[in-house]
Amino acid sequence: MNKQTLTSVVDKYHLNGAVESVKWDIKDKNITVDFITPMKNLVGKVTSPNFDLDDAQIGIYNTSQFYKLVKIMDSTVILGLSKSPYGTPLELTLQDNQYDLNYYLSDLMLIETVPTINEPSSYDVNVNIDSEFINKFANAKKALGDVKQFTIKTETKDNDTELLITIGDGNGYANKIKFKTSCESVILTDSELGVSFASNLNEIPFPADIMMEVLKANEEANSGVINISSEGLMKVSFKEDSIESIYYLVRLSTQ
């Protein structure tokens with residue numbers, strides 16, 4: 001298989017080291033990787049077809065170590081599985097025109113089960129992600145350095161709604177950078193008053209470091225969308241060629 005496809009799938013869940021231990025679920029040459037950060041502030045899923053392995057569920061305990069092995073391979077990699085006499089996957093093998101590598105697989109019981117996210121029936125605000133949005137967020141985060149938080153809220157003026165993103169910690173003396181982006185708000189109707197109005201979001205804090213890694217891992221995506229619920233859930237979705245990735249960020253505690 002193409003090495004670029006393999007590394008791209010890994011990049012999208014590894015998030016520069018934020019996630020290490022995962023289960024790969026391969027069925028009919030399609031891979032699904034569900035994952036969760038140790039801080040439990042992000043849950044995600046990456047899927048891709050054309051993944052050349054037999055049907056199996058395998059445990060990758062140390063993704064950083066596995067990634068180093070993959071990086072030295074040539075552009076085309078042959079993947080295989082070594083199994084026990086009972087059919088349990090023991091090793092993931094990688095071959096190219098130079099190397100034969102073996103990566104020992106983890107007991108699946110050692111890898112945390114990823115919970116299912118109960119999504120709202122509808123989200124309140126939707127935002128398209130493009131390269132301009134990613135660059136603005138990344139540049140602001142880099143300029144501020146070690147900040148842990150960004151907040152979002154909507155602002156409506158003359159019937160136009162924008163999303164205000166503020167990067168910077170919550171206390172009043174912290175440095176902050178703000179920028180706006182266009183967004184689409186769900187239109188609500190008050191049947192008693194007979195009026196319609198755009199759904200409004202009050203300020204909600206989310207983890208800045210993990211959002212930065214999500215955007216960096218998907219900067220080559222063909223399309224991206226952010227869906228935000230006033231209940232404190234942010235869904236970030238990307239499509240990059242045949243790879244799809246979805247991330248759920250949970251609001252930070254204000255205490």
Side-chain angles (χ1 to χ4, degrees), residues 1-82 89-108 110-114 129 134 138 209-224 236-249:
M1 69 177 294
N2 189 310
K3 171 186 168 181
Q4 179 61 39
T5 300
L6 176 57
T7 56
S8 187
V9 168
V10 173
D11 282 335
K12 286 170 175 47
Y13 78 74
H14 188 223
L15 298 176
N16 197 31
V19 175
E20 288 289 352
S21 300
V22 294
K23 298 174 185 177
W24 288 10
D25 193 353
I26 300 103
K27 187 173 183 180
D28 298 329
K29 305 300 182 183
N30 294 288
I31 185 172
T32 300
V33 184
D34 293 294
F35 53 94
I36 184 171
T37 57
M39 297 295 292
K40 297 179 172 53
N41 53 10
L42 176 138
V43 170
K45 179 193 296 285
V46 177
T47 60
S48 178
N50 307 317
F51 207 86
D52 197 15
L53 270 178
D54 294 337
D55 290 5
Q57 191 175 62
I58 63 177
I60 306 292
Y61 191 78
N62 188 327
T63 295
S64 291
Q65 185 182 61
F66 173 74
Y67 194 72
K68 290 177 182 178
L69 297 179
V70 175
K71 292 294 283 186
I72 71 169
M73 305 296 285
D74 203 356
S75 58
T76 300
V77 181
I78 300 173
L79 299 179
L81 287 174
S82 297
L90 300 177
E91 293 178 317
L92 180 61
T93 62
L94 302 90
Q95 295 178 313
D96 65 5
N97 57 7
Q98 301 181 76
Y99 298 109
D100 291 338
L101 303 180
N102 295 69
Y103 180 82
Y104 284 88
L105 300 172
S106 170
D107 185 334
L108 296 176
L110 297 177
I111 298 175
E112 184 174 2
T113 300
V114 179
I129 305 173
I134 293 175
D209 286 341
I210 199 68
M211 184 62 171
M212 177 78 160
E213 296 304 333
V214 166
L215 295 175
K216 284 170 58 180
N218 293 275
E219 60 186 356
E220 301 298 326
N222 306 111
S223 62
V236 189
S237 309
F238 296 95
K239 290 184 179 180
E240 182 182 322
D241 299 327
S242 62
I243 304 172
E244 296 188 14
S245 50
I246 300 175
Y247 308 87
Y248 298 93
L249 282 77

>> Does Asn2 have more than 12 heavy atoms from other residues, nucleotides or ligands lying within 6.0 Å of its CG?
In response: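 Buried by this count: over 12 neighbours within 6.0 Å.
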
>> More than 12 heavy atoms of other residues, nucleotides or ligands under 6.0 Å from CE of Met39: yes or no?
In response: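 Atom CE in Met39 is not crowded, with 12 or fewer foreign heavy atoms closer than 6.0 Å.
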
Are [X] and [Y] close enough that some pair of their side-chain heavy atoms sits under 4.5 Å apart?
X	Y	value
Asp241	Asn222	yes
Phe35	Leu42	yes
Leu105	Ile60	yes
Leu6	Phe51	yes
Thr32	Lys45	yes

> Is a side-chain donor-acceptor pair under 3.5 Å present for Tyr61 with Asp107?
Replying inline: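 No, because no side-chain N or O of Asp107 sits under 3.5 Å from a partner of the opposite role on Tyr61.
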
>> We want to know whether Lys68 and Ser64 form a side-chain donor-acceptor pair, criterion being a heavy-atom distance below 3.5 angstrom.
In response: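 Distance-only check fails for Lys68 and Ser64.
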
Using modelled atom types and a 3.5 Å cut-off, is there a donor and acceptor pairing between side-chain atoms of [X] and backbone atoms of [Y]?
X	Y	answer
Asp96	Thr76	no
Lys29	Pro49	no
Asp28	Asn30	no
Glu20	Thr63	yes
Asn41	Leu249	no
Thr37	Ala18	no

Working to the nearest 0.5 Å, report the span between [atom1] of [X] and [atom2] of [Y].
X	Y	atom1	atom2	answer
Asp25	Thr47	CG	OG1	11.5 Å
Leu90	Ser82	CG	OG	7.5 Å
Leu101	Met73	CG	CE	4.5 Å
Tyr248	Ser237	OH	OG	6.5 Å
Leu15	Asp209	CG	CG	11.5 Å

Minimum heavy-atom separation for [X] to [Y], with atom names?
X	Y	result
Lys12	Glu240	NZ-OE1, 2.8 Å
His14	Val19	CD2-O, 2.9 Å
Thr7	Lys71	CG2-CD, 4.5 Å
Leu53	Leu92	CD1-CD1, 3.9 Å
Asn62	Gln65	OD1-N, 3.0 Å
Ile111	Gly59	CD1-CA, 3.5 Å

> Can you name the residues that form a ring pair (Phe, Tyr, Trp, His ring centres under 6.0 Å) with Tyr103, not counting sequence neighbours?
Replying inline: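 Applying ring pair (Phe, Tyr, Trp, His ring centres under 6.0 Å) to Tyr103 gives Phe66.
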
Donor-acceptor contacts under 3.5 Å from residues 210-221 side chains, at least two apart:
unit_1: Asn218; atom_1: OD1; unit_2: Ser245; atom_2: OG; d: 2.9
unit_1: Asn218; atom_1: ND2; unit_2: Val214; atom_2: O; d: 2.8
unit_1: Asn218; atom_1: ND2; unit_2: Tyr247; atom_2: OH; d: 3.0

>> I'd like to know if Asp55 and Lys27 make a salt bridge, using a cut-off of under 4.0 Å between side-chain N and carboxylate O.
In response: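 Salt bridge: no.
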
> Do Leu110 and Ser21 pass the side-chain contact (heavy atoms from CB on, under 4.5 Å) test, and can you show the C-alpha distance, the side-chain angles, and the key distance before you say yes or no?
Replying inline: CA-CA 9 Å; Leu110 297 177; Ser21 300; over 6 Å; no

> Going through the checks in order, is the side-chain contact (heavy atoms from CB on, under 4.5 Å) test met by Val236 and Ile129?
Replying inline: CA-CA 9 Å; Val236 189; Ile129 305 173; 3.6 Å; yes

>> Run Leu79 and Asp52 through side-chain contact (heavy atoms from CB on, under 4.5 Å) and show every step you take.
In response: CA-CA 7 Å; Leu79 299 179; Asp52 197 15; 5.7 Å; no

>> If the condition is salt bridge (Lys or Arg N to Asp or Glu O under 4.0 Å), which residues does Glu91 pass it with, not counting sequence neighbours?
In response: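 Glu91 satisfies salt bridge (Lys or Arg N to Asp or Glu O under 4.0 Å) with no other residue.
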
>> Pair Val70, Val77 - check side-chain contact (heavy atoms from CB on, under 4.5 Å), show working.
In response: CA-CA 9 Å; Val70 175; Val77 181; 5.6 Å; no

